S.K.: 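Following this message is one structure expressed as structure tokens.
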Amino acid sequence: MPLPDAAASSDISTPAEAVAPLMRGVAVLHRLTEANGVLSLSALERATGLARSTVDRIVATLARMGYVRLDGRDAILTPRVMELGNAYLAALRLPALLSARADGLADELDESVSLAVADHDGIRFIHQATRRRAMSLSFRIGDLLPAERTAPGPLFATEWTDEEWHTWHTRRTTDPHNRAFPTVPPLPPGAPKDEEFTRRTTEAASANYALDDQLIEPGLVAVSVPVRDPRTARIACVANVVSHTSRHTAAHLRETLLPRLRAAVSAMEDDLRQAPPPHPGPPPAGLATWTGASKQELGREFIESLARGLTVLTAFGEGRAELTLTEVAKATGLARATARRALITYEHLGLVTPTPHRTFALTPRVLSLGFPPLSRTSLPRIATPHMATLAAEIQETTSLAVLTERADEIQYTARATARHVMSVDITVGTRLPAQGTSMGRVLLPTGTDAPSPYALVDEELEQGVRAIAVPIHDRTGRVIAALNAATHVARRTTEECVHDILPALMSTASHIETDLHTASRFTRVPLT
């Protein structure tokens, strides 16, 4: 189900202690997510119903936090906002424990495989292993689908209470065409009735699997099997194999792929049974101090209650799946009263749920805050805004490159140009011998344990061209790409390249790595 309208802070159902600025900020993040990560400020004003001055202050605060960047009149979600969804996925642990099995099954079957969890009367994806084809799936991690139009839905419905069935029937009555689920096409006339979903749920309870035979749209078929928590025997998540009818009918999926899906699920359940207890890392530190300093610097444009409220979500993580109010306050550095009001707000919005143990836990709905449109980003998309800022700062063209499969060539994957009558003009996609370029030299193995901190090439690629490059590292510390700046020898000496350009290059590489590491924690980020 969609988030409540957080802009309507005067709603009589809203708790008196809820934080109105936090609700409005969540509404802005939600609307940006629905718009695939980009909306103009005027469109945000219309979508949220908030005053333009309020939208401007919210966006300024989110930009300060690194969750949004401004490009002209557009607000654009950045990879940093994925830390909110990462907190939920880390606390859940299922992607870390089961994704390798899902990826292996996708390779074995040559079909897309996903893991999904229940989100009230919908399902939400927590992992995707997709196949690159002309006819490919558009669903992303964090996308919400109505249970009745999916293969995982009937399996989750086998565990619904009477109250949950009532909620589903109410939603079906008020939204019979699924218009509240923007990730799926509206239901066409003649779609299956509610009784069909009830029948599918009964069959799923007996067979321990479920099929989707073109319920979302013509041509799409899927088969699902539940992955059960070994401690409780309840469904922890559902493994789902998706194809299209040009490759498999639904019946053929059941006959040929279901046995292998069951085998993979059995291995997943063994993994859950044998998983060691989580080892909690340190919670984020100094958040309250940072928000206070930002308020002092930016004044009225910074909404401190919004920033502090969002930091509460990042208190959760691996080994911190359930936290008491005191633990949330300690992890964030916030006063207990501030943390309590944020948790009350999130419970109202469906982002946090209380547990029987007097603790709080994140819900799958946290993934609706920016995660889906960014879950299929690439390194060039992550790097380009940072490169544009760098090019404007140093007034030189900047480029990004990776090694090709041959390992003796580099391929340019992104560039940002500076305004000069005479500038280096190498288009994206160009391949060059690695040894003769600055980026190639930081990408090539050096034969030593220590990677090259930078490489400078002076008129080796072409007369008059001087270039300096630094490496880009992945989450493991491996060099995966290189960033450079190129200039004409008449504009800068080699000493000036090292003294003036190198610090800016290294700083930009660090910003790119920060975003890359956030984005790639639970998603695969292609290098090209």
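Sequential numbering from 1 along the given sequence is applied to the chain's residues. Quick caveat, the model's predicted, so the values are computed rather than measured.
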S.K.: Can you measure from OG1 (T518) to CE (M82) and round to the nearest 0.5 angstrom?
M.R.: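 Answer for the OG1-CE pair, T518 versus M82, is 8.5 Å.
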
S.K.: Please enumerate all residues that pass salt bridge (charged side-chain N to carboxylate O under 4.0 Å, His left out) together with D270, with sequence neighbours excluded.
M.R.: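 In terms of salt bridge (charged side-chain N to carboxylate O under 4.0 Å, His left out), with neighbours along the sequence ignored, D270 is linked to R273.
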
S.K.: So T14 and M23, side-chain contact (heavy atoms from CB on, under 4.5 Å) or not? Walk me through it.
M.R.: CA-CA 10 Å; T14 302; M23 295 177 66; 3.8 Å; yes

S.K.: Restricting to non-hydrogen atoms, name the atom on V525 and the atom on L516 that form the minimum distance, rounded to 0.1 Å.
M.R.: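 That would be CG1-CD1, 3.8 Å.
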
S.K.: Using a 6.0 Å cut-off, check whether atom NE2 of H166 has over 12 heavy atoms from anything other than its own residue.
M.R.: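 12 or below, so no.
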
S.K.: Can you tell me which residue pairs pass the side-chain hydrogen bond (donor to acceptor under 3.5 Å, both in side chains) test with a partner in residues 248-262, sequence neighbours excluded?
M.R.: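 Applying side-chain hydrogen bond (donor to acceptor under 3.5 Å, both in side chains) to every pair that reaches into residues 248-262, excluding sequence neighbours, yields E111-H248, H248-H252.
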
S.K.: Going by the rule salt bridge (charged side-chain N to carboxylate O under 4.0 Å, His left out), which residues pair with D229 if we only count those two or more places apart in sequence or in a different chain?
M.R.: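 Scan of D229 (salt bridge (charged side-chain N to carboxylate O under 4.0 Å, His left out), adjacent residues dropped) gives R231.
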
S.K.: Starting from the C-alpha separation in whole Å, work towards a yes-or-no answer on salt bridge (Lys or Arg N to Asp or Glu O under 4.0 Å) for D474 and R478.
M.R.: CA-CA 5 Å; D474 67 9; R478 182 171 60 98; 3.3 Å; yes

S.K.: Does L84 reach the side chain of T314, with side-chain heavy atoms less than 4.5 Å apart?
M.R.: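 Counting from C-beta outward, L84 and T314 do come under 4.5 Å.
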
S.K.: Kindly state each residue pair satisfying salt bridge (charged side-chain N to carboxylate O under 4.0 Å, His left out) with at least one member in residues 88-104, sequence neighbours excluded.
M.R.: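 Salt bridge (charged side-chain N to carboxylate O under 4.0 Å, His left out) check on residues 88-104 returns R101-D271.
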
S.K.: Which residue pairs pass the salt bridge (charged side-chain N to carboxylate O under 4.0 Å, His left out) test when at least one of the two sits in residues 149-161, sequence neighbours left out?
M.R.: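 Output for this query lists E159-R228, E159-R234.
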
S.K.: Mind checking the OG1-CD spacing from T363 to E347? Nearest 0.5 Å is all I need.
M.R.: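 CD of E347 is found 10.5 Å from OG1 of T363.
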
S.K.: Mind checking side-chain contact (heavy atoms from CB on, under 4.5 Å) for A35 and listing every partner two or more places apart, or none if nothing turns up?
M.R.: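 side-chain contact (heavy atoms from CB on, under 4.5 Å) list for A35, sorted by chain: L39.
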
S.K.: Under the rule for side-chain contact (heavy atoms from CB on, under 4.5 Å), what residues qualify as partners of A90, not counting sequence neighbours?
M.R.: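 Applying side-chain contact (heavy atoms from CB on, under 4.5 Å) to A90 gives E318, R521, F522.
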
S.K.: Can you name the closest pair of heavy atoms from I410 and T404 and give their distance?
M.R.: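 Heavy atoms only, the tightest pair is C-CG2, 4.1 Å.
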
S.K.: What pairs of residues pass the side-chain hydrogen bond (donor to acceptor under 3.5 Å, both in side chains) test when at least one of them lies in residues 186-198, not counting sequence neighbours?
M.R.: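 Applying side-chain hydrogen bond (donor to acceptor under 3.5 Å, both in side chains) to every pair that reaches into residues 186-198, excluding sequence neighbours, yields R172-D194, E196-R199.
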
S.K.: Which heavy atom of S399 sits nearest a heavy atom of R415, and at what distance?
M.R.: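 Closest approach of S399 to R415: OG-CB, 3.9 Å.
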
S.K.: Excluding sequence neighbours, so at least two apart, what forms salt bridge (charged side-chain N to carboxylate O under 4.0 Å, His left out) with D212?
M.R.: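 Here no residue qualifies.
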
S.K.: Which atoms form the tightest heavy-atom contact between L115 and C237, and what is the distance?
M.R.: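 For L115 versus C237, the nearest heavy atoms are CD2-SG, 4.5 Å.
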
S.K.: Considering non-hydrogen atoms only, spot the tightest contact between A151 and R200 and give its length.
M.R.: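 Looking at all heavy atoms of both residues, the shortest contact is CA-NH2, 4.0 Å.
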
S.K.: Which value, rounded to the nearest 0.5 Å, describes the distance between R69 atom CZ and R80 atom CZ?
M.R.: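 Here the interatomic distance stands at 13.0 Å.
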
S.K.: Heavy-atom distance under 4.5 Å between the side chains of E322 and T353, does that happen here?
M.R.: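 Contact flag for E322/T353 side chains = no.
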
S.K.: Ignoring hydrogens, what is the shortest heavy-atom contact between P176 and L187? Give both atom names and the distance.
M.R.: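 Closest pair (atom of P176, atom of L187, distance): O-CD1, 3.3 Å.
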
S.K.: Drop me the distance from Y88's OH to R365's CZ, to the nearest 0.5 angstrom.
M.R.: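 Going from the OH atom of Y88 to the CZ atom of R365 covers 11.5 Å.
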
S.K.: Among pairs that include at least one residue of residues 192-215, which meet ring pair (Phe, Tyr, Trp, His ring centres under 6.0 Å), considering only residues two or more places apart or in two chains?
M.R.: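 Sorted pair list: W160-F197, W165-F197, W168-F197.
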
S.K.: Apply salt bridge (charged side-chain N to carboxylate O under 4.0 Å, His left out) to E409 and list each qualifying residue two or more places apart in sequence or on a separate chain.
M.R.: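 E409 satisfies salt bridge (charged side-chain N to carboxylate O under 4.0 Å, His left out) with R406, R431 only.
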
S.K.: List in chain and number order the residues that pass side-chain contact (heavy atoms from CB on, under 4.5 Å) with A210, two or more places apart in sequence or in another chain; answer none if no residue qualifies.
M.R.: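 Scan of A210 (side-chain contact (heavy atoms from CB on, under 4.5 Å), adjacent residues dropped) gives P154, L155, A204.
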
